[in-house]
Q: 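Starting off with a structure, shown below.
Order of the sequence lines fixes the chain letters, A, B, ..., with proteins taken first and strands second; residue numbering starts at 1 for each chain. These figures come from a predicted structure and were not determined experimentally.
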Amino acid sequence: MPPTDLERLYDEHASALFAFLLNLTRNETDTRDLLQEVFVKLARQPRLLHGVRDERSFLLRLAHNAAIDGMRRRDTRERNHDQLAGESACVFPPSNAVDEEAFRRALHDALGDLPTDQRAVIHLKLWEGLTFEAIAELLELPPNTAASRYRYGLDKLRGRLRPLYDEIK
Amino acid sequence: MKPDEFEQELETQRLRPVPPAWRAGILEAARDAAVSQNSHPSNHARVSWWRELLWPCPQAWAGLAVVWLLIFTLHLTKPADGPSFAGSSIMPPLDQPNQLSTQRAELVRLLENAPEPAPSRSLPRALPGPRSERPSPPRA
């Protein structure tokens, strides 16, 4: 793959991949490693993108697979140690408004309490705007499973955040 | 599914962008990986050719190769002047002209003294002839 193509892919999609990976891993170091893994794979196998209709979905799929493999590779003890030792990296940027910052912080924590598979669906639906069919294809799930994971996850978020949301509004 | 107000509020939350400092490092790592792969294409192709050849059980092929190497090594280390199977034939050596001529003369003498073979005679027929040629059995 020519370097210019790689740069274009990075400029167009790296932020989306970064947010998705950070939401899955909750760790900046892991996110950087996985993002690099995705682009190294693209550079080594330029034919991967041949015939791909939706680059973003394809790259999100690569990122998701890399994240799942990465999480499997990590030792459970090490993962628990990391989670206990360090604060998870926030998916949302800091805000100067106190209420907004409080809501973002609470949303970040509530997302972190969701199972990874529900979090992945929530992220792809809310912040990538994908349909359940597209999410199902990306995560290799039946569409009904994607929809039910979204509903379960959203209900949990609503239960956690509704009081704060009502108070702010 | 129509999103409710809460969903819409979530959708409007901005996500953190990728740190700008990562760009150069990640792209450089990707380029280096591609260059290092392209600099050894023959090795890569050779390895995949061997892998394909030895599929599905490389261990078995490796074991066979080891056995062949062992045999070859033993063959090389064996002394050259040692006894060989080819040299231990039970046939008499053919490089003795005197003995050969003696055997030939003896054979000629035996053939000259041998009696003429008797003319072949037809053997009595053991099997019965056709039914029409057989004597009819006495009727009771």
Q: Supply the atom-to-atom distance A/D166 CG to B/F6 CZ, rounded to the nearest 0.5 angstrom.
A: 9.5 Å
Q: May I ask you to test the B/R23-A/E7 pair for a side-chain heavy-atom distance under 4.5 Å?
A: yes
Q: Is A/E28 close to chain B through its backbone or its side chain, or both, or neither, when contacts mean heavy atoms under 4.5 Å?
A: both
Q: Non-hydrogen contacts under 4.5 angstrom with chain B: give the residues of residues 91-102 of chain A involved, or none if there are none.
A: A/V91, A/F92, A/P93
Q: Could you tell me which portion of A/H13 (side chain, backbone, both or neither) has an atom closer than 4.5 angstrom to a non-hydrogen atom of chain B?
A: neither
Q: What part of A/D11 is in contact with chain B, defined as an atom under 4.5 angstrom from a non-hydrogen atom: side chain, backbone, both or neither?
A: side chain
Q: My understanding is that a hydrophobic cluster links ILVMFWY residues whose side chain heavy atoms are under 4.5 Å apart, including indirect links. Using that, what else belongs to the cluster containing B/F72?
A: B/L76
Q: If the contact rule is any heavy atom under 4.5 Å from chain A, which residues of residues 63-71 of chain B qualify, in numerical order?
A: none
Q: Side chain, backbone, both or neither: which part of A/Y165 has a heavy atom under 4.5 Å from chain B?
A: side chain
Q: Is the shortest distance from a Lys or Arg side-chain nitrogen in A/R158 or B/E9 to a carboxylate oxygen in the other one below 4.0 Å?
A: no
Q: About how many Å separate CG of B/L15 and CZ of A/F20, when rounded to the nearest 0.5 Å?
A: 11.5 Å
Q: Hydrophobic clustering (ILVMFWY, side-chain heavy atoms < 4.5 Å, transitive) - are A/L141 and A/L60 grouped together?
A: yes
Q: Please check if the number of heavy atoms outside A/K156 that lie under 6.0 Å from its NZ is greater than 12.
A: yes
Q: Test your reading of the model: is there a side-chain donor-acceptor pair from A/W127 to the backbone of B/Q13, 3.5 Å cut-off?
A: yes
Q: For A/Q36, check side chain to side chain contact (heavy atoms under 4.5 Å, CB included) against everything at least two apart and list the hits.
A: A/R32, A/V40, B/I26, B/A29
Q: What part of A/L157 is in contact with chain B, defined as an atom under 4.5 angstrom from a non-hydrogen atom: side chain, backbone, both or neither?
A: both
